[in-house]
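Structure first, then comments.
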There are 2 protein chains.
Amino acid sequence: MHERLKPAGETRAADVLHRMRADIISCTLKPGAKLRFEGLRDIYAVSFSTLREALSRLVAEGLVVAEDQRGFVVAPVSIDDLTDLTYVRVLVERECVALAIKHGDDDWEAQIIGAFHRMDRLQNRLGSTYYLSEEWGKLHGEFHFSLVAACGSPNLLEIRQKLFERAHRYRRMSSQFRTKWRAKDVEHKMIMDAMIARDTARAMELIERHIRETTENVIKYAGHLFAAPDEQPRKRTAHAAE
Amino acid sequence: MHERLKPAGETRAADVLHRMRADIISCTLKPGAKLRFEGLRDIYAVSFSTLREALSRLVAEGLVVAEDQRGFVVAPVSIDDLTDLTYVRVLVERECVALAIKHGDDDWEAQIIGAFHRMDRLQNRLGSTYYLSEEWGKLHGEFHFSLVAACGSPNLLEIRQKLFERAHRYRRMSSQFRTKWRAKDVEHKMIMDAMIARDTARAMELIERHIRETTENVIKYAGHLFAAPDEQPRKRTAHAAE
DNA sequence: AAACGACGTAATTTCGAAAATGTAAATATT
DNA sequence: AATATTTACATTTTCGAAATTACGTCGTTT
């Protein structure tokens, strides 16, 4: 029974997709880095075709860009991209919030409270560096999802999810440079309370401020990383190395 | 010099992607249809891997859905999906319009006028069945794109484009059942005029009405096609048959 | 007779080698 | 010496066969 290398019921391509997405968001695969098949094959232990499929899907998520006939590159980061991303996220997330408040039922409220509780407890357990934890990041994502899960628009939710994950990479980039962390738990609680109280205007305002403040902090703490990714010289001597 | 089978500079996968997208939008590949590799290989004359890549990208565009380990299916159509699609399109397109009016310059106006002229001329040349023409559909798409091209948000534009193409399939489905066609040229001209006059509120209102009316007509003329795609029995006798 | 399980076939999914393409160094030409 | 052309190599892209998985059929049991 040692042949359970795959998560069971999942194709290998889907598995590689998940792992690569995690590696890109965590910046193990750095923004702008060339993705050579030779190297990737060693890391993820799959064939060219399978890699190609995973990469194609990541292109669609905006985490990888494909340069026709010249391979794949991890999507670069820039202040312009982050600014635009923030703009679109505010638009989409505000709408999701309004819809969720309109359509949400008791179970929706319960899910939110549960998700907040899980996030909050882990936060307390981890102490002041909770934001570096991979697991907290997951619970944070699930909390935000629970807020808008009842929005009723599958298309809007899907768009929101992709934007959220791209933003997550920026958050991760800044978190390692921060010494202090604003009291996020309070902010999250305020958003949750406004939504459950069905105060649409306030909830929209709070979620917008939440997104904008996060972006401002990313620029403040990690802005220096977005300097000049304009092509690393790159002798072709040792291959991969990454 | 007879070796120009590929559009030059484009990978084969990208070529197949374009052709399949066209076939799905034109309903040559019908909504809900199972996409068997054997059959697709004959139609598009490429290998499994190449097909798989093209299909993966179409999944991201929402024109194909992948059932894990059970192959690919042309994205089904339904009134629910169309309704939701319309809702999101109104949200996104209104924002694009407002941004384009804010940021557009003289060249932007010129592009719009040019695109309208091309569409209008072809419309006159084709007569009352212009809406059945593949070429008019292309010019129509380019006109709508020109309206929002100056919006300044790459992310919003990309989202808009994907939504537009999914909606295009619904338009195509209804067009073949319509005997009369509303005077679209007038509507388009009104939208164009409002935008160039920089009347943001009016332009947003007009584009919203334009989208909603189109949707209403799709439901009116093609609604009967969205009945019950809930699994065709499907004996496996003859394989493929498209 | 109905329900369950094993078999065989048809489909998808994965693989690694072969072909096509791009890139840079080396050579030739003006 | 500077530019253009050739040559060699690194990398991506494509292919079709092999492995894996799902599905329908048939046989067995209760």
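L156(A) has its side chain within reach of L91(B): a pair of non-hydrogen atoms, C-beta onward, lies under 4.5 Å apart. A heavy-atom distance below 4.5 Å is not found between the side chains of L85(A) and R169(A).
The aromatic rings of H144(A) and H140(A) sit perpendicular, their planes meeting at an angle over 60°, well past the 30° parallel limit.
Here the C1' atom of nucleotide dT21(D) and the CZ atom of F37(B) are 14 Å apart, to the nearest Å. Separating the CD atom of E38(A) from the C1' atom of dT13(D) is a distance of 14 Å, rounded to the nearest angstrom.
Among the heavy atoms of the strands lying under 4.0 Å from L35(A) are primed sugar atoms or P, OP1, OP2 only; no base atom is included. Counting non-hydrogen atoms under 4.0 angstrom, L55(A) reaches nothing in the nucleic acid.
Annotation: Q176(A), atom CD; neighbour count of heavy atoms from other residues, nucleotides and ligands within 6.0 Å is above 12.
Looking only at distances, a side-chain donor or acceptor of H103(A) sits under 3.5 Å from a matching main-chain atom of L99(A). Remark: the backbone N or O of I211(A) is not paired with any side-chain donor or acceptor of R89(A) at under 3.5 angstrom.
Comparing atom distances between the R12(A) side chain and each of dC15(D), dT13(C), dC15(C) picks out dC15(C) as nearest. The side chain of Q69(A) sits closest to dT21(C) out of dT21(C), dT13(C), dT11(D). Nearest nucleotide to the R70(A) side chain, out of dG22(C), dT14(D), dT12(C): dG22(C). Set against dT14(D), dG22(C), dT14(C), the side chain of E53(B) has dT14(D) as its closest nucleotide.
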Report all interatomic pairs (protein N or O, nucleotide N or O of nucleotides 16-19 of chain D) with separations under 3.5 Å.
| from | atom 1 | to | atom 2 | distance (Å) |
| --- | --- | --- | --- | --- |
| dG16(D) | O6 | S49(B) | OG | 2.8 |

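The side chain of K34(A) places no N or O atom within less than 4.0 Å of a non-bridging phosphate oxygen (OP1 or OP2) of dT11(D). Taking 4.0 angstrom as the limit, T50(A) places none of its side-chain polar atoms (N or O) nearer than this to OP1 or OP2 of dT13(C).
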